[in-house]
Peer 1: 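Okay, handing you the structure first.
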Amino acid sequence: MDERHRVNDLSDEELVRRYLDGDRAAFDSLVARYQQRVYAVALRMCGDAEDARDATQNAFLSAIRHLRSFRAEARLSTWLHRLAVNASLDVIRRRRPSAALNEFSGRPAEGLTPEDSAVAAERARSVHRALAALSPEHRAVVVLHDLQQQDYAEVAAILDIPVGTVKSRLHRARLELAKLLGHLREGEPIGDEAPLT
Amino acid sequence: MRPHEQTDQLSALMDGELADHDRSALEPHVSTCADCRAILAALRATVADLRALPEPDLPPQDAWSLQGALRRDQRPRRWQAISLAMGSAAAVLVTVLALVLNGGAAPGPPTQTEAVTEGPAGVLAAPANYDSASVRREAMTLAEQTDMAGGAPAIAAAAAPQLSAEPKRCHRAIEDHGELVFFRDALFEGSPAFLFGFRGPERVEVWVTDASTCAVRFVARTPLAK
(Lines give C-alpha, C1' and ligand atoms only; values in the text may rest on other atoms or scores of the structure.)
Protein backbone atom coordinates (compact mmCIF):
# COMPACT_ATOMS: atom_id res chain seq x y z
CA MET A 1 0.00 0.00 0.00
CA ASP A 2 1.34 3.42 -0.88
CA GLU A 3 1.47 5.11 2.50
CA ARG A 4 2.28 8.50 1.07
CA HIS A 5 -0.66 8.40 -1.29
CA ARG A 6 -3.00 7.52 1.53
CA VAL A 7 -1.66 10.34 3.68
CA ASN A 8 -2.41 12.85 0.92
CA ASP A 9 -6.10 12.04 1.26
CA LEU A 10 -6.19 12.83 4.94
CA SER A 11 -7.77 16.05 6.13
CA ASP A 12 -5.74 18.71 7.90
CA GLU A 13 -7.50 17.89 11.15
CA GLU A 14 -6.66 14.20 10.80
CA LEU A 15 -3.00 14.96 10.14
CA VAL A 16 -2.86 17.23 13.19
CA ARG A 17 -4.44 14.53 15.30
CA ARG A 18 -1.97 11.96 14.08
CA TYR A 19 0.97 14.23 14.72
CA LEU A 20 -0.21 14.90 18.26
CA ASP A 21 -0.53 11.13 18.72
CA GLY A 22 3.14 10.75 17.86
CA ASP A 23 3.24 10.34 14.09
CA ARG A 24 5.96 12.75 13.04
CA ALA A 25 5.47 12.07 9.36
CA ALA A 26 2.03 13.63 9.63
CA PHE A 27 3.58 17.04 10.17
CA ASP A 28 5.82 16.53 7.15
CA SER A 29 2.65 16.02 5.13
CA LEU A 30 1.18 19.25 6.45
CA VAL A 31 4.36 21.10 5.54
CA ALA A 32 4.32 19.65 2.05
CA ARG A 33 0.69 20.63 1.71
CA TYR A 34 1.13 24.24 2.84
CA GLN A 35 4.71 25.24 2.16
CA GLN A 36 4.04 26.90 -1.19
CA ARG A 37 1.18 28.91 0.24
CA VAL A 38 3.10 29.98 3.31
CA TYR A 39 6.10 30.88 1.15
CA ALA A 40 3.89 32.86 -1.24
CA VAL A 41 2.53 34.97 1.62
CA ALA A 42 6.02 35.45 3.04
CA LEU A 43 7.51 36.38 -0.31
CA ARG A 44 4.81 38.92 -1.09
CA MET A 45 5.04 40.37 2.39
CA CYS A 46 8.82 40.50 2.71
CA GLY A 47 9.64 41.34 -0.90
CA ASP A 48 12.88 39.38 -0.59
CA ALA A 49 13.51 35.71 -1.22
CA GLU A 50 15.92 35.12 1.64
CA ASP A 51 13.73 36.92 4.18
CA ALA A 52 10.80 34.93 2.85
CA ARG A 53 12.65 31.65 3.42
CA ASP A 54 13.39 32.67 7.01
CA ALA A 55 9.80 33.73 7.57
CA THR A 56 8.52 30.46 6.09
CA GLN A 57 10.76 28.42 8.33
CA ASN A 58 9.78 30.45 11.39
CA ALA A 59 6.10 30.08 10.58
CA PHE A 60 6.37 26.27 10.48
CA LEU A 61 8.56 26.17 13.57
CA SER A 62 5.91 28.19 15.35
CA ALA A 63 3.31 25.75 14.08
CA ILE A 64 5.14 22.75 15.50
CA ARG A 65 5.64 24.44 18.83
CA HIS A 66 2.05 25.50 19.22
CA LEU A 67 0.21 22.70 17.53
CA ARG A 68 -0.78 21.23 20.85
CA SER A 69 -2.64 24.37 21.83
CA PHE A 70 -4.13 24.94 18.38
CA ARG A 71 -7.85 24.94 18.87
CA ALA A 72 -9.73 22.47 16.77
CA GLU A 73 -12.53 24.87 15.91
CA ALA A 74 -10.23 27.20 13.99
CA ARG A 75 -9.23 26.01 10.53
CA LEU A 76 -5.63 24.95 10.17
CA SER A 77 -5.35 26.87 6.92
CA THR A 78 -6.44 30.10 8.64
CA TRP A 79 -3.95 29.52 11.43
CA LEU A 80 -1.04 28.76 9.11
CA HIS A 81 -1.75 31.88 7.06
CA ARG A 82 -1.74 33.89 10.27
CA LEU A 83 1.60 32.38 11.29
CA ALA A 84 2.94 33.24 7.84
CA VAL A 85 1.84 36.86 8.11
CA ASN A 86 3.17 37.22 11.65
CA ALA A 87 6.50 35.61 10.81
CA SER A 88 6.80 37.97 7.85
CA LEU A 89 5.97 41.01 9.98
CA ASP A 90 8.66 39.93 12.46
CA VAL A 91 11.25 39.66 9.72
CA ILE A 92 10.21 43.01 8.29
CA ARG A 93 10.41 44.67 11.70
CA ARG A 94 13.88 43.28 12.35
CA ARG A 95 15.24 44.49 9.05
CA ARG A 96 17.59 47.39 8.88
CA PRO A 97 15.82 50.21 7.05
CA SER A 98 18.54 50.42 4.45
CA ALA A 99 18.65 46.70 3.74
CA ALA A 100 18.57 46.02 0.04
CA LEU A 101 15.79 43.75 -1.06
CA ASN A 102 16.71 41.08 -3.54
CA GLU A 103 14.35 41.05 -6.41
CA PHE A 104 12.75 37.72 -6.55
CA SER A 105 11.50 35.86 -9.51
CA GLY A 106 8.65 33.47 -9.53
CA ARG A 107 7.60 30.96 -12.13
CA PRO A 108 7.75 32.76 -15.46
CA ALA A 109 4.52 32.92 -17.38
CA GLU A 110 4.50 30.47 -20.22
CA GLY A 111 4.02 31.18 -23.88
CA LEU A 112 5.22 34.78 -23.86
CA THR A 113 7.48 36.21 -26.54
CA PRO A 114 10.80 37.60 -25.27
CA GLU A 115 9.47 41.13 -25.71
CA ASP A 116 6.31 40.34 -23.77
CA SER A 117 8.37 38.67 -21.09
CA ALA A 118 10.53 41.76 -20.71
CA VAL A 119 7.46 43.97 -20.47
CA ALA A 120 5.88 41.63 -17.94
CA ALA A 121 9.09 41.57 -15.90
CA GLU A 122 9.25 45.35 -15.81
CA ARG A 123 5.61 45.56 -14.83
CA ALA A 124 6.19 43.00 -12.08
CA ARG A 125 9.07 45.09 -10.72
CA SER A 126 6.80 48.15 -10.56
CA VAL A 127 4.13 46.17 -8.77
CA HIS A 128 6.67 44.79 -6.28
CA ARG A 129 7.98 48.26 -5.58
CA ALA A 130 4.44 49.54 -5.10
CA LEU A 131 3.63 46.68 -2.71
CA ALA A 132 6.79 47.41 -0.77
CA ALA A 133 5.70 51.03 -0.41
CA LEU A 134 2.56 50.05 1.47
CA SER A 135 2.55 49.74 5.22
CA PRO A 136 2.80 46.10 6.31
CA GLU A 137 -0.81 46.15 7.55
CA HIS A 138 -2.09 47.36 4.18
CA ARG A 139 0.19 44.99 2.31
CA ALA A 140 -1.17 42.04 4.31
CA VAL A 141 -4.79 42.57 3.22
CA VAL A 142 -3.77 42.98 -0.42
CA VAL A 143 -1.56 39.90 -0.33
CA LEU A 144 -4.18 37.75 1.34
CA HIS A 145 -7.17 38.89 -0.71
CA ASP A 146 -5.85 39.81 -4.13
CA LEU A 147 -2.92 37.41 -4.30
CA GLN A 148 -3.91 34.50 -2.09
CA GLN A 149 -7.59 34.63 -3.10
CA GLN A 150 -8.97 34.64 0.44
CA ASP A 151 -12.37 36.27 0.88
CA TYR A 152 -13.03 39.11 3.33
CA ALA A 153 -14.26 36.78 6.07
CA GLU A 154 -11.19 34.59 5.78
CA VAL A 155 -8.81 37.57 5.70
CA ALA A 156 -10.56 38.88 8.82
CA ALA A 157 -10.10 35.50 10.54
CA ILE A 158 -6.45 35.27 9.54
CA LEU A 159 -5.58 38.76 10.73
CA ASP A 160 -7.99 38.67 13.66
CA ILE A 161 -9.60 41.98 12.66
CA PRO A 162 -13.22 42.85 11.87
CA VAL A 163 -14.49 42.37 8.33
CA GLY A 164 -15.22 46.11 8.14
CA THR A 165 -11.54 46.80 8.78
CA VAL A 166 -10.54 44.39 6.01
CA LYS A 167 -12.89 46.20 3.65
CA SER A 168 -11.62 49.70 4.39
CA ARG A 169 -7.97 48.69 4.59
CA LEU A 170 -8.13 46.82 1.31
CA HIS A 171 -9.83 49.71 -0.43
CA ARG A 172 -7.31 52.21 0.88
CA ALA A 173 -4.38 49.95 -0.01
CA ARG A 174 -5.64 49.46 -3.55
CA LEU A 175 -6.12 53.22 -4.03
CA GLU A 176 -2.55 53.77 -2.93
CA LEU A 177 -1.29 51.08 -5.28
CA ALA A 178 -3.42 52.50 -8.09
CA LYS A 179 -1.73 55.87 -7.66
CA LEU A 180 1.74 54.33 -7.53
CA LEU A 181 1.03 52.28 -10.62
CA GLY A 182 -0.38 55.19 -12.55
CA HIS A 183 -3.98 54.05 -12.71
CA LEU A 184 -5.23 56.97 -10.65
CA ARG A 185 -4.25 60.56 -10.42
CA GLU A 186 -5.44 63.08 -7.87
CA GLY A 187 -8.24 65.31 -9.13
CA GLU A 188 -8.61 63.83 -12.64
CA PRO A 189 -10.55 60.92 -13.91
CA ILE A 190 -8.32 58.51 -15.75
CA GLY A 191 -8.82 55.31 -17.63
CA ASP A 192 -11.80 53.96 -19.52
CA GLU A 193 -15.22 54.66 -18.26
CA ALA A 194 -16.00 50.99 -17.99
CA PRO A 195 -19.66 50.10 -17.70
CA LEU A 196 -20.58 48.49 -14.45
CA THR A 197 -20.81 44.76 -14.97
CA MET B 1 -11.95 62.32 -9.05
CA ARG B 2 -13.69 63.38 -5.98
CA PRO B 3 -14.11 60.79 -3.30
CA HIS B 4 -17.59 60.82 -1.90
CA GLU B 5 -19.48 58.61 0.43
CA GLN B 6 -20.12 55.87 -2.06
CA THR B 7 -16.54 55.51 -3.26
CA ASP B 8 -15.54 53.68 -0.08
CA GLN B 9 -17.80 50.81 -1.08
CA LEU B 10 -16.35 50.32 -4.50
CA SER B 11 -13.77 47.68 -3.62
CA ALA B 12 -16.39 45.64 -1.80
CA LEU B 13 -18.74 46.04 -4.76
CA MET B 14 -16.07 44.81 -7.16
CA ASP B 15 -15.25 41.89 -4.87
CA GLY B 16 -18.87 40.82 -4.50
CA GLU B 17 -18.68 41.40 -0.78
CA LEU B 18 -21.55 43.85 -0.38
CA ALA B 19 -24.79 42.72 1.18
CA ASP B 20 -27.62 42.56 -1.36
CA HIS B 21 -29.41 45.67 -0.12
CA ASP B 22 -26.19 47.71 -0.08
CA ARG B 23 -25.33 46.55 -3.57
CA SER B 24 -28.73 47.37 -5.00
CA ALA B 25 -28.54 50.81 -3.41
CA LEU B 26 -25.08 51.49 -4.80
CA GLU B 27 -25.36 50.22 -8.36
CA PRO B 28 -27.78 52.89 -9.65
CA HIS B 29 -25.47 55.57 -8.30
CA VAL B 30 -22.37 54.09 -9.90
CA SER B 31 -23.98 53.76 -13.29
CA THR B 32 -24.49 57.53 -13.41
CA CYS B 33 -21.31 58.64 -11.62
CA ALA B 34 -18.21 59.16 -13.74
CA ASP B 35 -15.96 59.47 -10.74
CA CYS B 36 -17.08 56.14 -9.32
CA ARG B 37 -16.62 54.44 -12.67
CA ALA B 38 -13.13 55.87 -12.98
CA ILE B 39 -12.21 54.62 -9.54
CA LEU B 40 -13.63 51.19 -10.34
CA ALA B 41 -11.57 51.08 -13.50
CA ALA B 42 -8.45 51.99 -11.51
CA LEU B 43 -9.22 49.30 -8.95
CA ARG B 44 -9.71 46.68 -11.66
CA ALA B 45 -6.45 47.62 -13.36
CA THR B 46 -4.59 47.46 -10.05
CA VAL B 47 -5.94 44.04 -9.16
CA ALA B 48 -5.14 42.85 -12.68
CA ASP B 49 -1.54 44.02 -12.20
CA LEU B 50 -1.36 42.15 -8.91
CA ARG B 51 -2.78 38.97 -10.39
CA ALA B 52 -0.30 39.16 -13.25
CA LEU B 53 2.63 38.78 -10.86
CA PRO B 54 4.54 35.55 -11.37
CA GLU B 55 3.63 32.77 -9.01
CA PRO B 56 6.08 32.46 -6.11
CA ASP B 57 7.79 29.12 -6.24
CA LEU B 58 9.65 27.62 -3.34
CA PRO B 59 12.65 25.97 -4.99
CA PRO B 60 13.04 22.25 -4.21
CA GLN B 61 16.30 22.68 -2.33
CA ASP B 62 14.63 25.22 -0.04
CA ALA B 63 11.72 22.88 0.55
CA TRP B 64 14.27 20.22 1.53
CA SER B 65 16.16 22.43 3.93
CA LEU B 66 12.86 23.54 5.45
CA GLN B 67 12.06 19.92 6.27
CA GLY B 68 15.53 19.46 7.71
CA ALA B 69 15.29 22.54 9.90
CA LEU B 70 11.92 21.44 11.21
CA ARG B 71 13.22 17.98 12.07
CA ARG B 72 16.17 19.40 13.93
CA ASP B 73 13.81 21.55 15.91
CA GLN B 74 11.57 18.70 16.92
CA ARG B 75 13.85 17.52 19.68
CA PRO B 76 12.45 18.31 23.14
CA ARG B 77 13.23 21.80 24.32
CA ARG B 78 15.01 20.79 27.48
CA TRP B 79 17.99 19.66 25.41
CA GLN B 80 18.48 23.18 24.27
CA ALA B 81 18.66 24.21 27.90
CA ILE B 82 21.20 21.46 28.50
CA SER B 83 23.45 22.43 25.65
CA LEU B 84 23.41 26.02 26.78
CA ALA B 85 24.37 25.12 30.31
CA MET B 86 27.14 22.67 29.52
CA GLY B 87 30.27 23.06 27.48
CA SER B 88 31.16 22.15 23.93
CA ALA B 89 31.41 18.39 24.46
CA ALA B 90 27.87 18.43 25.67
CA ALA B 91 26.83 20.51 22.70
CA VAL B 92 28.42 17.93 20.41
CA LEU B 93 26.51 15.16 22.07
CA VAL B 94 23.25 17.03 22.00
CA THR B 95 23.73 17.67 18.29
CA VAL B 96 24.42 13.98 17.80
CA LEU B 97 21.30 13.07 19.67
CA ALA B 98 19.24 15.46 17.61
CA LEU B 99 20.57 13.74 14.50
CA VAL B 100 19.81 10.32 15.86
CA LEU B 101 16.40 10.95 17.27
CA ASN B 102 15.10 12.99 14.42
CA GLY B 103 16.71 11.27 11.53
CA GLY B 104 16.13 7.85 13.01
CA ALA B 105 13.11 5.70 13.49
CA ALA B 106 12.01 6.86 16.92
CA PRO B 107 8.26 6.33 16.78
CA GLY B 108 6.84 9.45 18.30
CA PRO B 109 7.53 11.64 21.32
CA PRO B 110 9.95 10.01 23.75
CA THR B 111 8.42 8.86 27.00
CA GLN B 112 11.34 9.52 29.26
CA THR B 113 10.97 11.45 32.45
CA GLU B 114 12.76 14.75 32.81
CA ALA B 115 15.83 14.65 34.97
CA VAL B 116 16.95 18.16 34.15
CA THR B 117 14.13 20.60 34.25
CA GLU B 118 13.87 24.30 34.23
CA GLY B 119 13.09 25.61 37.67
CA PRO B 120 11.79 29.09 38.34
CA ALA B 121 13.33 31.77 36.15
CA GLY B 122 14.84 29.12 33.87
CA VAL B 123 17.48 27.95 36.31
CA LEU B 124 18.40 24.33 35.79
CA ALA B 125 17.66 22.07 38.70
CA ALA B 126 20.67 20.16 40.04
CA PRO B 127 21.12 16.86 38.19
CA ALA B 128 20.73 13.60 40.08
CA ASN B 129 23.93 11.94 41.30
CA TYR B 130 23.95 8.33 40.16
CA ASP B 131 26.06 5.39 41.15
CA SER B 132 26.15 1.96 39.59
CA ALA B 133 23.30 0.70 41.76
CA SER B 134 20.97 3.53 40.82
CA VAL B 135 21.84 3.17 37.13
CA ARG B 136 20.90 -0.50 37.37
CA ARG B 137 17.61 0.58 38.90
CA GLU B 138 17.04 2.91 35.95
CA ALA B 139 17.56 0.01 33.61
CA MET B 140 15.09 -2.09 35.53
CA THR B 141 12.54 0.72 35.51
CA LEU B 142 12.99 1.10 31.79
CA ALA B 143 12.53 -2.62 31.33
CA GLU B 144 9.32 -2.54 33.32
CA GLN B 145 8.00 0.36 31.30
CA THR B 146 8.89 -1.08 27.98
CA ASP B 147 6.02 -1.88 25.76
CA MET B 148 6.31 -5.46 24.72
CA ALA B 149 4.88 -4.80 21.25
CA GLY B 150 7.66 -5.53 18.78
CA GLY B 151 9.40 -3.25 16.37
CA ALA B 152 12.40 -2.09 18.37
CA PRO B 153 15.66 -2.79 16.59
CA ALA B 154 17.95 -5.30 18.24
CA ILE B 155 20.60 -3.99 20.57
CA ALA B 156 24.02 -4.71 19.16
CA ALA B 157 25.54 -7.62 20.99
CA ALA B 158 28.96 -6.03 21.13
CA ALA B 159 30.02 -4.25 24.26
CA ALA B 160 29.31 -0.56 24.36
CA PRO B 161 32.03 1.13 22.34
CA GLN B 162 33.86 4.18 23.51
CA LEU B 163 32.14 7.22 22.21
CA SER B 164 34.46 9.84 20.82
CA ALA B 165 33.84 13.55 20.84
CA GLU B 166 33.35 13.43 17.09
CA PRO B 167 29.70 13.89 16.18
CA LYS B 168 29.69 11.40 13.31
CA ARG B 169 31.23 8.61 15.32
CA CYS B 170 29.02 9.19 18.32
CA HIS B 171 26.04 9.31 16.02
CA ARG B 172 26.91 6.02 14.41
CA ALA B 173 27.61 4.35 17.72
CA ILE B 174 24.35 5.48 19.21
CA GLU B 175 22.29 4.88 16.11
CA ASP B 176 23.71 1.44 15.53
CA HIS B 177 23.25 0.42 19.04
CA GLY B 178 19.54 0.26 19.41
CA GLU B 179 16.45 2.35 19.95
CA LEU B 180 17.34 5.34 22.08
CA VAL B 181 14.46 6.02 24.44
CA PHE B 182 15.83 8.51 26.86
CA PHE B 183 18.69 10.84 27.42
CA ARG B 184 19.40 12.86 30.49
CA ASP B 185 22.30 14.65 31.94
CA ALA B 186 23.28 13.80 35.47
CA LEU B 187 26.21 13.17 37.73
CA PHE B 188 27.81 9.77 37.98
CA GLU B 189 29.78 9.31 41.16
CA GLY B 190 30.03 13.06 41.39
CA SER B 191 31.23 13.86 37.83
CA PRO B 192 29.12 15.25 35.01
CA ALA B 193 27.78 12.47 32.86
CA PHE B 194 25.05 11.59 30.39
CA LEU B 195 22.65 8.72 30.66
CA PHE B 196 21.33 7.03 27.54
CA GLY B 197 18.55 4.51 27.69
CA PHE B 198 18.36 2.00 24.86
CA ARG B 199 15.79 -0.63 24.28
CA GLY B 200 15.71 -3.63 22.03
CA PRO B 201 13.36 -6.55 21.73
CA GLU B 202 15.26 -8.60 24.29
CA ARG B 203 16.89 -6.22 26.71
CA VAL B 204 17.36 -2.66 27.78
CA GLU B 205 20.63 -0.91 28.39
CA VAL B 206 21.51 2.25 30.19
CA TRP B 207 24.85 3.78 29.28
CA VAL B 208 26.60 6.30 31.40
CA THR B 209 29.10 8.44 29.52
CA ASP B 210 31.51 11.04 30.71
CA ALA B 211 30.10 14.45 29.84
CA SER B 212 33.37 15.90 28.65
CA THR B 213 35.00 13.01 26.79
CA CYS B 214 31.93 10.94 25.92
CA ALA B 215 33.82 7.87 27.15
CA VAL B 216 31.50 5.16 28.41
CA ARG B 217 31.86 4.84 32.14
CA PHE B 218 29.22 2.26 32.99
CA VAL B 219 26.59 0.15 31.30
CA ALA B 220 23.66 -1.54 32.97
CA ARG B 221 21.88 -4.29 31.02
CA THR B 222 18.56 -5.82 31.95
CA PRO B 223 16.88 -8.53 29.95
CA LEU B 224 13.23 -8.01 29.22
CA ALA B 225 10.91 -10.56 30.79
CA LYS B 226 9.54 -12.89 28.10
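The sequence lines fix the lettering, A, B, ..., with proteins before strands; numbering per chain opens at 1. Everything quoted here is computed from the prediction, not taken from an experiment.
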Peer 1: For a quick test of reading the model, state the closest non-hydrogen atom pair linking Arg44(A) to Pro56(B) and the distance between them.
Peer 2: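 In this case the closest contact between Arg44(A) and Pro56(B) is NH2-CD, 3.1 Å.
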Peer 1: Test side chain to side chain contact (heavy atoms under 4.5 Å, CB included) on Thr46(B) and Val127(A) and set out the steps.
Peer 2: CA-CA 9 Å; Thr46(B) 302; Val127(A) 178; over 6 Å; no
Peer 1: Given a strict heavy-atom distance threshold of 4.5 Å, which part of Val142(A) is in contact with chain B: side chain, backbone, both, or neither?
Peer 2: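 It is the side chain, since no backbone atom gets that close.
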Peer 1: Top residue by heavy-atom pair count (under 4.5 Å) with chain A, among Asp49(B), Leu10(B), Val47(B)?
Peer 2: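 Of Asp49(B), Leu10(B), Val47(B), Asp49(B) has the most heavy-atom pairs under 4.5 Å with chain A.
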Peer 1: For Gln149(A) and Arg51(B), work out which heavy atoms get closest and say how close.
Peer 2: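 That closest heavy-atom pairing would be NE2-NE, 3.6 Å.
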Peer 1: Glu17(B) side chain to Lys167(A) main-chain N or O, any donor-acceptor pair under 3.5 Å?
Peer 2: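 No; judged by distance alone, with no hydrogens or angles, the pair does not exist.
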Peer 1: Given Leu58(B) and Leu43(A), is the side chain to side chain contact (heavy atoms under 4.5 Å, CB included) satisfied, shown in steps?
Peer 2: CA-CA 10 Å; Leu58(B) 186 66; Leu43(A) 192 56; over 6 Å; no
Peer 1: Mind running side chain to side chain contact (heavy atoms under 4.5 Å, CB included) on Met14(B) and His171(A) for me, showing each step along the way?
Peer 2: CA-CA 10 Å; Met14(B) 186 176 90; His171(A) 185 63; over 6 Å; no
Peer 1: With a 4.5 angstrom heavy-atom cut-off, is it the side chain or the backbone of Arg174(A) that approaches chain B, or both, or neither?
Peer 2: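 Contact with chain B is through both the backbone and side chain of Arg174(A).
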Peer 1: Quick one, Leu50(B) with Leu177(A), criterion side chain to side chain contact (heavy atoms under 4.5 Å, CB included). Give me CA distance, side-chain angles, the key distance, then yes/no.
Peer 2: CA-CA 10 Å; Leu50(B) 288 165; Leu177(A) 288 174; 4.0 Å; yes
Peer 1: Leu131(A) versus chain B, heavy atoms under 4.5 Å apart: side chain, backbone, both or neither?
Peer 2: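 Answer is side chain: those atoms of Leu131(A) sit under 4.5 Å from chain B.
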Peer 1: Kindly give the heavy-atom pair with the smallest separation between Pro54(B) and Ala124(A), and that separation in Å.
Peer 2: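 Heavy-atom minimum between the residues: CD-CB, 4.1 Å.
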Peer 1: Check whether Ala52(B) gets within reach of chain A through its side chain, its backbone, both or neither, counting any heavy atom under 4.5 Å.
Peer 2: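 No part of Ala52(B) comes within 4.5 Å of chain A.
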Peer 1: With rounding to the nearest 0.5 angstrom, report the CZ to CG distance, Arg172(A) to Asp8(B).
Peer 2: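 Result: 6.0 Å between the selected atoms.
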